[in-house]
Amino acid sequence: MSAEAGAAENSPAPSGAEGAVGLGTSAQPADSGPGQRRSRKRDIWLHILRSSTRPKSVWSPMVEGLLGSMLVLLGSFGVGWLVSVSPLSRQPWIIAFRTETVGVVVATIALTLGCWVMLRAWLRLGRVLENPDPAQQWPTRSLRTVNAAVVLWSLPQLIAIPIFSRDVFAYLNQGRLVLAGQDPYTTGVSTLDNWFQLGTDILWAESETPYGPLFLWLEAAVMGIAVDSPDLALFLFRLACVGGVVMMMIFVPKLARIHGIDPARAQWITLANPLLIISFISSAHNDAIMVGFALAGVYAAAHGRGVLATLLVVVSIGIKPITIVLLPFIGLLWAGPGASWSRKFSYWFLTAGIAAALMITIGLIQGYGFGWLAVLAGTGTGSVFWSPIGIADGWLGTLLRSFGLDSGWTLEVFKVAGRILSVIVVLWLMFRGDERFIVQRMVWAFTALVVLSPIIQPWYLLWLLPLFAITGIRKDWQFKWVVFTIIFFLAFGASDQLSIYQFLRLDQQMLALSITVSWICIIWLTLLDRQTRWVVWDGWGLPAVRFEWPRLRGRRSAEPRKDDDDVAPVQLTQRSTAGPVAGSAAEPEGEETAPGAR
């Protein structure tokens with residue numbers, strides 16, 4: 001027999017196993033041989049090893065997530081990015097926390113452990129809310145519960161010192177550049193007095209801004225209000241990002257309903273996961289605003305309000321120009337299902353015309369023209385080791401260097417090739433594909449731009465996750481891929497961006513400590529914890545294969561043998577275990593499916 005992965009705590013014992021846990025029974029057929037008994041015992045032990053339990057109520061994961069968020073908050077005071085001119089840097093307890101070895105060790109452990117406690121709470125919350133019938137949607141009021149969890153787990157991060165990234169400090173000095181009458185698209189922040197004292201990474205010193213023109217106004221407005229208070233400026237930027245998260249909380253369920261996807265599950269996957277809370281609130285990345293307006297634009301287009309949709313997407317482009325890739329598909333949604341090619345081209349031109357007119361107007365008023373186009377054309381310097389281009393460059397570079405050949409050209413070639421290929425993919429999806437799945441085509445076009453870039457930051461996943469969630473992430477390897485990606489970026493972020501007092505010389509030690517804590521937690525959550533290891537064991541949606549190990553026969557057999565082999569052949573048994581599709585449930589009543597929005 002085959003053991004089922006992730007069986008519930010109250011699931012029946014495996015076939016042939018009687019009693020409390022199915023061990024030590026004597027209920028066996030008279031003709032069962034030693035091989036069958038060994039197989040049955042092995043299956044029972046696999047059942048015990050892979051079994052999982054569900055929380056009895058939502059309160060346990062809700063409180064656990066809050067505890068994890070509080071640990072992250074505590075750790076941020078010790079190893080978060082705190083600028084030297086902040087009044088907090090003169091508090092005695094924070095000084096001790098940041099300059100004493102014991103304090104830094106405690107802060108590193110608290111920050112890293114808090115991330116994994118939040119992840120465990122997220123997985124447990126989804127487990128307790130999931131309908132026992134996988135073909136059905138989550139119970140009523142599940143969406144309200146998920147929203148409450150997002151709010152509860154996010155509150156401590158409103159006052160956390162920035163972690164995982166210090167891009168928010170670049171916002172401060174770029175706002176000062178705008179107020180000083182300089183062009184952030186051509187001038188680096190190093191032209192400002194005391195720019196380094198506001199925490200901006202030295203990599204930004206001579207770099208132009210990668211953000212859209214509307215965000216430059218937001219940066220200037222925040223710095224105009226905060227003046228010389230970096231803590232107030234950080235809090236205002238964080239509130240702006242919270243606004244983007246709220247927009248996501250509104251439109252993710254709406255778009256999920258349009259596509260026949262469980263809105264509570266889509267909200268849980270997108271908003272409640274710790275990577276989003278940390279990246280969009282703790283780190284205060286402006287990507288939250290970009291994604292919020294993009295989702296609002298897609299929703300408006302799905303209901304035929306093309307002008308409004310274009311305006312909303314233009315605001316998203318004004319935050320980060322990357323979402324310009326959505327415009328062709330907004331035009332397709334606006335044209336409606338079954339539109340002729342002439343109608344499609346008409347709406348493409350109309351969408352592009354409205355967007356261009358708005359961006360030209362903004363450029364003329366602002367005085368920076370089309371500097372943001374240079375940002376859109378660039379792909380950044382260098383690469384990261386986990387991006388496909390980074391992997392290909394590393395392999396080819398290593399191969400060339402092993403033969404004593406020059407490898408300095410490989411990255412540029414791969415960058416150009418990736419840019420060309422991504423444009424081809426976008427054009428292909430614009431002109432080809434089922435008209436019932438325009439949003440899915442848009443998602444894959446956006447994905448091509450991200451995946452074929454040499455730089456893929458951890459929060460780039462959060463550009464794509466809401467769009468995949470609203471169109472359906474199946475409960476098989478697709479969801480596991482999401483979880484494992486979040487796990488990777490949590491472990492990387494917790495160890496990569498630690499602000500360690502330089503005179504302690506503990507940078508490498510704290511990096512190793514954080515990675516060690518992460519590995520312990522990953523092993524515990526994926527292999528040992530009965531409330532979370534279902535992510536590894538349960539519902540791969542792939543054919544199950546059972547191997548019967550060869551056994552040596554006796555020297556003599558009562559039955560005639562056809563050959564001299566003493567080893568029984570390996571037996572394979574296959575059966576389909578395809579998991580249910582997340583969006584297979586019937587669409588809820590009261591929500592009308594918009595034409596062409598699938």
Side-chain angles (χ1 to χ4, degrees), residues 115 119 164-165 167 201 203 207 210 273 275-276 278-279 283 285 287 320 322 325 375-429 443-465 467-468 473-474 476-498 508 511-512 514-516 518-519 522-523 526 535-536 540 542:
C115 293
L119 182 77
F164 277 39
S165 169
D167 283 1
D201 194 322
L203 295 175
S207 301
N273 82 75
L275 184 63
L276 184 136
I278 291 174
S279 297
S283 303
H285 278 296
D287 306 69
K320 271 196 170 181
I322 187 68
V325 70
V375 174
L376 183 64
T379 56
T381 58
S383 64
V384 292
F385 68 87
W386 57 77
S387 70
I389 287 180
I391 294 172
D393 174 62
W395 286 351
L396 181 58
T398 301
L399 180 63
L400 291 174
R401 287 190 295 272
S402 67
F403 288 99
L405 301 175
D406 176 40
S407 62
W409 54 271
T410 57
L411 180 58
E412 287 302 319
V413 170
F414 280 121
K415 286 169 62 176
V416 173
R419 188 182 300 118
I420 294 173
L421 182 57
S422 64
V423 171
I424 293 174
V425 171
V426 172
L427 291 174
W428 177 269
L429 292 170
V443 175
W444 284 110
F446 200 1
T447 302
L449 287 184
V450 173
V451 173
L452 295 174
S453 171
I455 303 292
I456 303 177
Q457 299 290 5
W459 52 92
Y460 289 8
L461 167 69
L462 306 175
W463 300 354
L464 306 173
L465 185 58
L467 296 171
F468 277 109
I473 295 176
R474 295 199 305 267
D476 51 17
W477 64 268
Q478 293 186 356
F479 176 69
K480 297 179 190 303
W481 178 259
V482 172
V483 175
F484 296 155
T485 305
I486 291 173
I487 286 175
F488 172 78
F489 283 132
L490 277 180
F492 173 78
S495 61
D496 179 64
Q497 292 286 331
L498 298 175
Q508 295 304 311
L511 171 67
S514 177
I515 292 176
T516 301
S518 290
W519 268 113
I522 290 171
I523 293 172
T526 57
V535 174
V536 173
W540 281 94
L542 301 174

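FYI, side chains are in, hydrogens and waters are out, and symmetry mates aren't considered; it's all heavy atoms of this structure. Just so it is clear, the model here is predicted, and its values are computed rather than measured.
Checked against the 6.0 Å centroid threshold, Phe468 and Trp444 count as a close aromatic pair. Ring centroid separation for the pair Phe164 and Trp459 does not come in under the 6.0 Å cut-off.
Between Phe446 atom CZ and Tyr460 atom OH the span is 10.5 Å, to the nearest 0.5 Å. Remark: Leu449 CG to Ile322 CD1 distance equals 5.0 Å, nearest 0.5 Å. Note that the CD1 atom of Ile420 and the CG atom of Leu452 stand 11.5 Å from one another [nearest 0.5 Å]. Taken to the nearest 0.5 Å, the CZ atom of Phe479 stands 9.5 Å off from the CZ atom of Phe484. Put simply, CD on Gln497 and OG on Ser283 are 8.5 Å apart, with the number rounded to the nearest 0.5 Å.
Phe385 and Phe488 have perpendicular rings, their planes meeting at more than 60° on a 0 to 90° scale where under 30° would count as parallel.
The heavy-atom pair separating Ser207 from Leu203 by the smallest distance is OG-O, 2.9 Å. When all heavy atoms are compared, the tightest approach of Ile487 to Ile522 is CG2-CD1, 3.7 Å. The two residues Cys115 and Ile278 have their closest heavy-atom pair at SG-CD1, 3.7 Å. The heavy-atom pair separating Leu275 from Leu462 by the smallest distance is O-CD1, 3.8 Å. Between Ser387 and Ile456, the closest heavy-atom pair is CB-CD1, 3.6 Å. For Ile389 against Ser453, the heavy-atom pair with the smallest separation is CD1-C, 4.0 Å.
Heavy-atom contacts from other residues, nucleotides or ligands closer than 6.0 Å to CH2 of Trp386 number more than 12.
Of the possible polar contacts, one joining the Ser495 side chain to the Phe492 backbone as a donor-acceptor pair under 3.5 Å is found.
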Anything under 3.5 Å between a donor and an acceptor, one on a side chain of residues 422-429, the other on a protein residue two or more places apart or in another chain? List them.
| from | atom 1 | to | atom 2 | distance (Å) |
| --- | --- | --- | --- | --- |
| Ser422 | OG | Gly418 | O | 3.2 |
| Ser422 | OG | Arg419 | O | 2.7 |

Throw together a table of side-chain donor-acceptor distances under 3.5 angstrom for residues 393-403, partners on residues two or more places apart or in other chains.
| from | atom 1 | to | atom 2 | distance (Å) |
| --- | --- | --- | --- | --- |
| Asp393 | OD1 | Thr410 | OG1 | 2.4 |
| Asp393 | OD1 | Leu411 | N | 3.2 |
| Thr398 | OG1 | Gly394 | O | 2.7 |
| Arg401 | NH1 | Ser407 | OG | 2.9 |
| Ser402 | OG | Leu399 | O | 2.5 |

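Leu465 has its side chain within reach of Asn273: a pair of non-hydrogen atoms, C-beta onward, lies under 4.5 Å apart. Leu467 is not listed as a side-chain neighbour of Thr447, based on a closest heavy-atom distance of 4.5 Å or more.
Partners of Gln478 under the side chain to side chain contact (heavy atoms under 4.5 Å, CB included) rule, at least two apart in sequence or in another chain, are Ile473, Arg474, Asp476.
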